[in-house]
Amino acid sequence: MSDVVSFAKEGSIGLITVNNPPVNALSQAVRAGIKESVEKGIADPDVKAMIILCEGRTFIAGADIREFGKPPMEPHLPDVVQSIEDSPKPIIAAIHGTALGGGLEIALGSHFRIAHSSAKVGLPEVKLGLLPGAGGTQRLPRVAGVEAALEMITSGDPVSAAKAKEMGIIDEITEGDLKKAAIAYAKRVIDEQLPLRRVSQLEAKLDTPTVFEDFAKRNARKFRGFLAPYKCIEAVKAATELSFPEGMKREREIFVELQASDQSKALRHVFFAEREVVRIPGLPEDQPTRDIKSVGIIGAGTMGGGIAMCFANAGIPVYLLDVSQEFLDKGMATIKKNYANTVSKGRLTQEEMDKRMSLIKPTLSYDDLKDVDLVIEAVFEDMNIKKEVFKKLDTVCKPGAILASNTSYLNINEIASVTKRPEDVMGMHFFSPANVMRLLENVRGEKTSPEVYATAMKIGRKIGKIPVLVGVCDGFVGNRMLAQRTRECAFMLEEGALPWQIDKVIYDFGFPMGPFAMADLAGLDVGWRNRKAKFDQLTEREKRCNILDKICEMGRFGQKTGAGYYKYDEKRNPTPDPLIEELIINHSKEVGIERREIGDQEIIERAIYSMINEGAKILEEGIAARPLDIDIVWIYGYGFPRYRGGPMFYADLVGLNKIYEAILKYREAVGPEYWTPSPLLEKLVKEGKGFYSK
Ligand code: 3HC
């Protein structure tokens, strides 16, 4: 047999064991090994039944994603699954860990399925922009019903063994030793001569004729922009309309189409990027880190409170410090309200909430921080205030404690310079709301030690974040790139666009909201304050482009004041405001710009390509180590559509030459101070490469 699949006999039972770490993915060798083993079992007169089971931490977790995009190699998975189902001798799948994608399809091709109670099963292909391509869309509705199959296939979320049994996917669950239980089950199948259950011979029954349209409508918001969920629905529909072989043909056609799509390429890129991002180039896998058993947070405002919740959620005790009892009470009340909301939605038990609340201790005294392992400062964005805090922390905190700032743009090196331990100082930039947003920008200062930033990466994962390591510059990776988009969108307003036009284009591109709706949500006063703080560094045109100032001077700070770029009703629904339209048109007149029609393509180019050019500069300067770091920042921190793979991957899909040409065009039209191509971009274009080509 092959190295990765073995065949052994235990009495009259053939054991087909897959051993392809780490997750028993269905590489060509595994597929071939399973097929040969099945043939061997069929040919052996002593074998009366077979069991497919796996070594290691899990049952087969799917096709080998690394083989996608390469020329397909025989045997193809649907044929392997068919050979299992066609076996005249009973085959039982014995599932532990996660039977995912092709793994579940192998199990569905088997005649019986037994699972350990801790196992999960699912068809996550949709998350990779695909559909289950080895019979999953045809067999699951036959065994679990059309509605249940639609839900499972389009969400990609796994279900527990117990739920799978309820749905008819699993026949038996064991608490004990899976192999023993599977052998006992196989013996029963032989002894009782149980008829072989071939799922393909069942019927996928339709309860209501409109089930597919209704399902698509109900999930329209969730599926927005994604291609694969709709294709999954189409394939499940085929299971109800076509014969099994014809349905399989249809499934294959759609699978091939999706596999070649840009969306699937992008989603597969994100799958690997989010795993790669935590590996720091230059650091060994066994890089020592420090233990973080308790944490101090400075500032009980929205950010500080949200950060405290992240640690409490992971069972790590937190001291939450502020300067007045009033601020502390307010902060604790907000945390309590947030948890209570989750409890009322049934996503957290009261007991768990109480436990988490008890882990957060409000305090007014820096002395309480003397034994903590990590402090995260989340006070007002003001360098002088931050320096004061860090001086105090330096005197109070024990040696070896990590001192981090949650600043979103200030210079970490300058903050570190006021302490006697700059090697222990770094940035840990959470995104609002901190208890919800997955991104954590870990900012390494010039002197931060590898042990310290490796610890921040590790603790970031522990509290459920996707940590990305970046370097020091104004706004780090995320906000530095965002500043480009913000400027271009403001310029486009004075040149002829309106906020709702730009917002619609950016929303349709796939962001959860456009830049102006987003600014209204965050509070216009925040941007206004930043603008005032940096006013001296602005260009003449930026100074003159003061639409934001004018709106803020009217007391319109966005959603919280009921009006900003938009006006809002009591439920915070936005409507375009003629007053703002007039204000913008008058502004153009005042500054002597003749307004013109601005097309959707120009909006995309100026809003997105400007960020890509900045991303290239960020790479050149080493602020981000790899393009994938930038992509992950934008997907998890700013809602860049996942199915476009992040700005740098998207740039490769568009073609860097096209982006380069557009940049040259805007250099002429808008000015070289905003639109000079980065040398890296220029070099890649000359070499005919992309950010990701080797
Ligand atoms: N193919 C290739 N490599 C895979 C893989 C797969 N299907 N699944 C996981 N891996 C790799 C990961 O990239 C990672 O590699 P690394 O160590 O080099 O970074 C390693 O296996 C371990 O993975 P995780 O870090 O994700 O380990 P976890 O224990 O956290 O999670 C898991 C395990 C739940 C199985 C998770 O890896 C997962 O969800 N995998 C993807 C499953 C999937 O999408 N299956 C469907 C594939 S498509 C398909 O089957 C098509 C078919 O219908 C025709």
Side-chain angles (χ1 to χ4, degrees), residues 4 18-31 34 54-70 72-82 84 95-109 118-140 149 152-160 228 231-232 235-236 248 250-261 263-265 267-281 285 457-458 461-462 464 466 626 628 632 642:
V4 287
V18 180
N19 186 11
N20 184 29
V23 298
N24 290 315
L26 288 157
S27 62
Q28 189 276 339
V30 173
R31 298 195 301 273
I34 295 177
C54 292
E55 295 280 1
R57 68 202 219 213
T58 179
F59 191 78
I60 299 162
D64 189 335
I65 310 169
R66 290 179 206 273
E67 282 184 1
F68 290 176
K70 297 183 187 153
M73 285 179 292
E74 290 192 339
H76 303 306
L77 188 57
D79 299 335
V80 176
V81 175
Q82 199 55 52
I84 295 170
I95 299 169
H96 76 290
T98 42
L100 299 178
L104 180 56
E105 290 173 304
I106 291 265
L108 287 171
S118 61
K120 285 185 177 168
V121 305
L123 292 171
E125 287 87 343
V126 73
K127 297 187 179 180
L128 302 170
L130 298 168
L131 50 60
T137 65
Q138 303 304 297
R139 286 195 176 88
L140 191 65
M152 211 165 141
I153 294 172
T154 60
S155 74
D157 295 333
V159 297
S160 66
K231 293 289 178 183
C232 290
V236 174
M248 284 298 290
R250 186 75 199 107
E251 180 192 84
R252 181 98 311 236
E253 284 163 6
I254 306 177
F255 183 83
V256 170
E257 178 193 329
L258 284 177
Q259 203 186 15
S261 69
Q263 285 208 0
S264 178
K265 285 180 199 152
L267 289 163
R268 270 142 44 199
H269 154 68
V270 177
F271 175 87
F272 289 115
E274 60 193 17
R275 283 162 177 77
E276 194 57 31
V277 77
V278 292
R279 293 187 191 120
I280 309 304
E285 290 269 328
M457 295 299 284
K458 195 167 161 194
R461 280 169 84 184
K462 188 156 180 205
I466 308 233
R626 303 153 297 190
L628 68 87
I632 294 296
R642 203 179 161 83

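Throughout, numbering of the chain's residues begins at 1 and tracks the sequence. Ligands are counted one by one from 1 in listed order, and the atoms in each one are counted from 1 as well.
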Asks: For ligand 1, which atoms sit closer than 4.0 Å to a heavy atom of Pro22?
Replies: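 So the answer, numbered in order with elements, is 20 (C), 21 (O).
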Asks: Tell me whether ligand 1 is touched by Thr58 - counting only heavy atoms on the residue side and a distance under 4.0 Å.
Replies: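 Contact check Thr58 vs ligand 1: negative.
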Asks: Is there a polar contact between ligand 1 and Phe271, counting only N or O atoms under 3.5 Å apart?
Replies: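 Checking ligand 1 against Phe271, no N or O pair falls under 3.5 Å apart.
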Asks: Cut-off 3.5 Å, side chains only: do Ser27 and Arg31 have a donor facing an acceptor?
Replies: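 Note: Ser27 and Arg31 side chains miss the donor-acceptor criterion.
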Asks: Would you mind checking if Glu276 and Arg279 are paired as a salt bridge, meaning a charged N to carboxylate O distance below 4.0 Å?
Replies: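 Judged by the 4.0 Å cut-off on N to carboxylate O distance, Arg279 and Glu276 do form a salt bridge.
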Asks: Give me the residue, atom name and distance of the protein heavy atom closest to atom 54 (C) of ligand 1.
Replies: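 Residue, atom and distance for the closest contact: Gly133 N, 3.7 Å.
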Asks: Taking only residues two or more places apart in sequence or in another chain, which ones pass ring-ring contact (aromatic ring centres under 6.0 Å, His included) with His96?
Replies: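 Here no residue qualifies.
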Asks: From atom 53 (O) of ligand 1, work out which of Arg252, Glu125, Glu251 has a heavy atom at the shortest distance.
Replies: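 It is Glu125 whose heavy atom sits nearest to atom 53 (O) of ligand 1.
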Asks: Using a strict cut-off of 4.0 Å, indicate which atoms of ligand 1 neighbour a heavy atom of Asp64.
Replies: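 Once the distances to Asp64 are compared, the set is 1 (N), 2 (C).
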Asks: Considering only heavy atoms from C-beta outward, does the side chain of Thr98 approach that of Val121 to under 4.5 Å?
Replies: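 With C-beta onward as the side chain, the pair stays apart.
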Asks: Has Glu105 got a side-chain atom pairing as donor or acceptor with Gly136's backbone, closer than 3.5 angstrom?
Replies: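 Present.
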Asks: Provide the full list of side-chain hydrogen bond (donor to acceptor under 3.5 Å, both in side chains) pairs with a residue in residues 123-140, sequence neighbours left out, each pair given once.
Replies: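 Sorted pair list: Gln82-Arg139, Glu85-Arg139, Lys127-Asp157, Thr137-Glu251.
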Asks: For atom 35 (C) of ligand 1, grab the closest protein heavy atom and report residue, atom and distance to one decimal in Å.
Replies: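 Ranked first by proximity to atom 35 (C) of ligand 1 is Ala61 CB, 3.5 Å.
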Asks: Test your reading of the structure: does Val23 have an N or O sitting under 3.5 Å from an N or O of ligand 1?
Replies: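 There is no such contact.
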Asks: To the nearest 0.5 angstrom, please state how far the CG atom of Leu26 sits from the CG atom of Asp64.
Replies: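 The CG atom of Asp64 is 8.5 Å from CG of Leu26, to the nearest 0.5 Å.
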Asks: Less than 4.5 Å apart, side chain to side chain, heavy atoms only: is that true for Asn19 and Cys54?
Replies: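 Side-chain contact under 4.5 Å: no.
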Asks: Only heavy atoms count here, so choose which of Glu105, Lys120, Lys127 is nearest to atom 52 (C) of ligand 1.
Replies: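 The option holding the nearest heavy atom is Glu105.
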Asks: Just checking, Arg275 and Phe271: is the charged tip under 6.0 Å from the six-membered ring centre and within 45° of the axis?
Replies: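 Judged by the rule (NZ or CZ under 6.0 Å from the ring centre, within 45° of its axis), Arg275 counts as positioned above Phe271.
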Asks: For ligand 1, which atoms sit closer than 4.0 Å to a heavy atom of Pro132?
Replies: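 Matching atoms, with element in brackets: 53 (O).
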Asks: Gly101 versus ligand 1: do any nitrogen or oxygen atoms come within less than 3.5 Å of each other?
Replies: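 By distance alone, the answer is no.
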Asks: Find the distance between SG (Cys232) and CG (Leu140) and round it off to the nearest 0.5 Å.
Replies: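 Separation between the atoms: 11.0 Å.
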Asks: Under a 4.0 angstrom heavy-atom cut-off, which atoms of ligand 1 come close to Arg66?
Replies: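 Counting atoms of ligand 1 from 1, those under 4.0 Å from Arg66 are 13 (O), 15 (O), 18 (O).
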Asks: So Val270 and Glu274, side chain to side chain contact (heavy atoms under 4.5 Å, CB included) or not? Walk me through it.
Replies: CA-CA 6 Å; Val270 177; Glu274 60 193 17; 3.8 Å; yes
Asks: Name the option, out of Arg275, Glu276, Arg279, that contains the heavy atom nearest to atom 17 (O) of ligand 1.
Replies: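 Considering heavy atoms of Arg275, Glu276, Arg279, the nearest to atom 17 (O) of ligand 1 sits in Arg279.
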Asks: In ligand 1, which numbered atoms sit nearer than 4.0 Å to a non-hydrogen atom of Pro124?
Replies: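 Within the 4.0 Å cut-off of Pro124, ligand 1 contributes 43 (C), 44 (O), 45 (N), 46 (C).
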Asks: Counting only nitrogen or oxygen atoms and a 3.5 angstrom limit, does Ile65 reach ligand 1?
Replies: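 Yes.
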Asks: Looking at Phe272, which atoms of ligand 1 are within less than 4.0 Å of one of its heavy atoms?
Replies: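 Close to Phe272: 13 (O).
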Asks: Would you say ligand 1 has an N or O under 3.5 Å from any N or O of Gly102?
Replies: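 So ligand 1 has an N or O lying under 3.5 Å from an N or O of Gly102.
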